[in-house]
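Single-structure report; data block below.
Hydrogens, waters and symmetry mates play no part in the numbers below; they use all other heavy atoms, side chains included. These numbers come from a predicted model, not from an experiment.
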Amino acid sequence: MRFNVIRAAVTVVAVSAALLGGQTLTTTPVTQAGGGVCTFAFNKNPYVLHDAVVVGGVVECEPAPLQFRIELRLWHRSGTSNPQPKGDPAIVTQIPNLHLNVAAMALDCVPGVWQGKIVMRATWDTGTDEGRNETAPTFLQC
């Protein structure tokens with residue numbers, strides 16, 4: 001079940017990326033001196049699709065790292081509460097060669113402020129580096 005949800009979300013992100021014509025909101029570089037670079041670009045802020053909240057983006061690495069890990073997660077805040085993680089995180093260890101689509105979704109859309117956040121780690125033969133990024137807070141009415 002979890003694999004099918006992630007696969008469906010990746011498909012949604014790929015279609016969204018095609019519809020957006022390559023528009024990206026933010027980019028997080030993970031660079032290793034003398035090695036390579038990986039970047040992550042959100043396709044757009046979190047949005048509602050069939051009563052689920054979706055966020056995704058594209059990782060690009062040049063050259064391909066030896067090891068790779070990215071965690072993409074949705075966070076929700078209602079009123080004055082602290083942000084809480086929602087849904088299952090998308091954790092991908094597949095090495096991008098040259099790019100990789102990543103998406104996460106929360107099946108229980110509730111009104112409030114939503115954000116997508118990533119932690120990305122890449123290792124080349126010259127060392128390891130880590131990057132973090134997040135979308136702008138986005139109010140969704142479900």
Side-chain angles (χ1 to χ4, degrees), residues 1-78 81-142:
M1 171 75 173
R2 183 175 178 186
F3 176 74
N4 288 337
V5 169
I6 292 171
R7 186 172 60 185
V10 169
T11 301
V12 167
V13 170
V15 170
S16 297
L19 294 175
L20 289 172
Q23 174 188 3
T24 59
L25 298 177
T26 54
T27 303
T28 301
V30 171
T31 307
Q32 182 60 40
V37 62
C38 289
T39 59
F40 179 84
F42 286 99
N43 291 336
K44 61 184 189 176
N45 287 329
Y47 61 97
V48 179
L49 180 68
H50 304 295
D51 297 325
V53 179
V54 179
V55 70
V58 178
V59 176
E60 291 187 358
C61 293
E62 183 62 39
L66 301 173
Q67 293 181 332
F68 180 81
R69 184 179 193 280
I70 187 168
E71 181 175 324
L72 171 61
R73 172 156 262 198
L74 279 162
W75 290 77
H76 175 262
R77 179 173 48 95
S78 60
S81 70
N82 290 327
Q84 300 291 319
K86 283 288 210 178
D88 290 332
I91 299 172
V92 179
T93 57
Q94 176 185 340
I95 295 174
N97 192 13
L98 293 170
H99 66 276
L100 178 69
N101 292 313
V102 181
M105 71 175 18
L107 299 176
D108 57 336
C109 183
V110 292
V113 176
W114 289 83
Q115 276 189 287
K117 298 182 182 186
I118 65 134
V119 176
M120 181 170 62
R121 184 178 191 89
T123 301
W124 292 272
D125 57 359
T126 56
T128 300
D129 208 352
E130 184 175 285
R132 297 171 185 268
N133 205 357
E134 57 191 45
T135 63
T138 304
F139 180 79
L140 297 177
Q141 184 66 43
C142 304

How many angstroms lie between CD in Q115 and CH2 in W75, if you round to the nearest 0.5 Å? 10.0 Å
Supply the atom-to-atom distance N101 CG to Q94 CD, rounded to the nearest 0.5 angstrom. 10.0 Å
Taking the side chain as everything from C-beta on, heavy atoms only, tell me whether I118 gets closer than 4.5 Å to R132. no
Do L74 and W114 touch side chain to side chain, with heavy atoms closer than 4.5 Å? yes
Sorted by first residue and then second, give each salt bridge (Lys or Arg N to Asp or Glu O under 4.0 Å) pair with at least one member in residues 94-112; sequence neighbours left out. K86-D108
Which pair of non-hydrogen atoms, one from C38 and one from W124, has the smallest distance, and what is that distance? SG-CZ2, 3.7 Å
Shortest non-hydrogen pair, R73 vs P85, comes out as NH1-CB, 3.4 Å
According to side-chain contact (heavy atoms from CB on, under 4.5 Å), who are the partners of Q84, at least two apart in sequence or on a separate chain? N82
Scan residues 88-107 for pairs that pass ring-ring contact (aromatic ring centres under 6.0 Å, His included), counting only residues two or more places apart or in two chains. none
Identify each donor-acceptor pair in which a side-chain atom of residues 51-71 lies under 3.5 Å from a protein atom, sequence neighbours left out, and give them as a table.
none

Under 6.0 Å from the ring centre and within 45 degrees of the ring axis: does the NZ or CZ of K44 meet both conditions for the six-membered ring of F42? no
With sequence neighbours excluded, what pairs up with N97 under the side chain to side chain donor-acceptor pair (under 3.5 Å) test? none
Test of understanding: with side chain to side chain donor-acceptor pair (under 3.5 Å), list the residues that count as partners of K117, not counting sequence neighbours. none
Is the side chain of T138 donor-acceptor paired with the backbone N or O of N45 at a distance under 3.5 Å, no angle test? no
